[in-house]
Amino acid sequence: MGGAPVAEVATDQLQVWVDQDLCTGDGLCVQYAPEVFEFDVDGLAYVKGADGELRLAPGSRVDVPEHLRLEVIDSAKECPGDCIHVVRGSDGVEVAGPDAED
């Protein structure tokens, strides 16, 4: 069976987080969605909130801006480190990333 229906993902608030232990520092996510992802001085990608501040605590989640949903989902799918997790805000089910059901 496929993952979440597209309509369901399109209407639900999404959140994203990065597992820095798996981050390769490749930078695809920063290229896809620089409003959401940014490198810190350690060379690893982190998410940042609407205020532009990096969320440095492990497992920190931020809301995905509606206009960047596809870019954030694509970054999770293309990430060579499989370290980006995109989850539905309502129930925490992963819709893109290493734990998403295909």
Side-chain angles (χ1 to χ4, degrees):
M1 287 273 193
V6 174
E8 195 175 310
V9 171
T11 58
D12 206 339
Q13 176 62 52
L14 300 180
Q15 295 181 322
V16 61
W17 64 280
V18 175
D19 183 345
Q20 283 76 31
D21 289 339
L22 299 176
C23 181
T24 60
D26 211 270
L28 286 176
C29 58
V30 176
Q31 292 175 26
Y32 273 108
E35 289 177 53
V36 177
F37 304 102
E38 187 174 310
F39 286 123
D40 196 23
V41 293
D42 60 7
L44 302 178
Y46 291 82
V47 292
K48 56 185 177 179
D51 58 4
E53 292 294 316
L54 291 184
R55 302 300 194 253
L56 299 175
S60 293
R61 295 180 179 187
V62 297
D63 291 335
V64 176
E66 204 165 307
H67 67 285
L68 292 174
R69 286 170 176 258
L70 290 177
E71 288 84 351
V72 170
I73 289 171
D74 284 346
S75 69
K77 290 179 177 178
E78 300 295 326
C79 176
D82 279 335
C83 67
I84 299 171
H85 300 264
V86 182
V87 298
R88 284 196 307 246
S90 60
D91 58 10
V93 170
E94 189 153 318
V95 297
D99 298 330
E101 292 184 15
D102 292 328

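Note that the numbering runs from 1 along the sequence shown for the chain.
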Residue pair [X] / [Y]: nearest heavy atoms and the distance that separates them:
| X | Y | value |
| --- | --- | --- |
| Pro98 | Asp82 | CG-O, 3.1 Å |
| Ile84 | Ser75 | CD1-O, 3.7 Å |
| Glu78 | Leu28 | O-CD1, 3.6 Å |
| Val72 | Ala33 | CG2-CB, 4.1 Å |
| Ile73 | Ala96 | CG2-CB, 3.9 Å |
| Gln15 | Val64 | C-CG2, 3.9 Å |

Quiz item: Looking at side-chain heavy atoms only, is the closest gap between Glu35 and Leu68 below 4.5 Å?
Solution: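 When only atoms from C-beta onward are counted, Leu68 and Glu35 do touch, with a gap below 4.5 Å.
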Self-check item: Side-chain heavy-atom pair Leu14, Val95 within 4.5 angstrom cut-off
Solution: yes
So how far is it from [X] [atom1] to [Y] [atom2], rounded to the nearest 0.5 Å?
| X | Y | atom1 | atom2 | answer |
| --- | --- | --- | --- | --- |
| Asp40 | Cys23 | CG | SG | 11.0 Å |
| Tyr32 | Glu71 | OH | CD | 9.5 Å |
| Lys77 | Leu70 | NZ | CG | 9.0 Å |
| Tyr46 | Glu53 | OH | CD | 14.5 Å |
| Gln13 | Asp63 | CD | CG | 4.0 Å |

Exercise. Treating Ile, Leu, Val, Met, Phe, Trp and Tyr as nodes and any side-chain heavy-atom pair under 4.5 angstrom as an edge, say whether Val86 and Val93 lie in one connected cluster.
Key: no
Quiz prompt | Shared hydrophobic cluster, Val62 / Phe37 (ILVMFWY, side-chain heavy atoms < 4.5 Å) | solution =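 Same cluster: Val62 reaches Phe37 through Ile, Leu, Val, Met, Phe, Trp or Tyr contacts under 4.5 Å.
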Exercise. Please name all residues satisfying salt bridge (charged side-chain N to carboxylate O under 4.0 Å, His left out) with Glu38, sequence neighbours left out, ordered by chain then number.
Key: Lys48
Exercise. Let me see the working for Phe39 and Leu44 under side chain to side chain contact (heavy atoms under 4.5 Å, CB included), right down to the final yes or no.
Key: CA-CA 5 Å; Phe39 286 123; Leu44 302 178; 5.6 Å; no
Exercise. Check the pair His85 / Val16 against side chain to side chain contact (heavy atoms under 4.5 Å, CB included), numbers first and verdict last.
Key: CA-CA 6 Å; His85 300 264; Val16 61; over 6 Å; no
Exercise. May I ask you to decide whether Asp91 forms a salt bridge with Arg88, counting only side-chain N to carboxylate O separations under 4.0 Å?
Key: yes
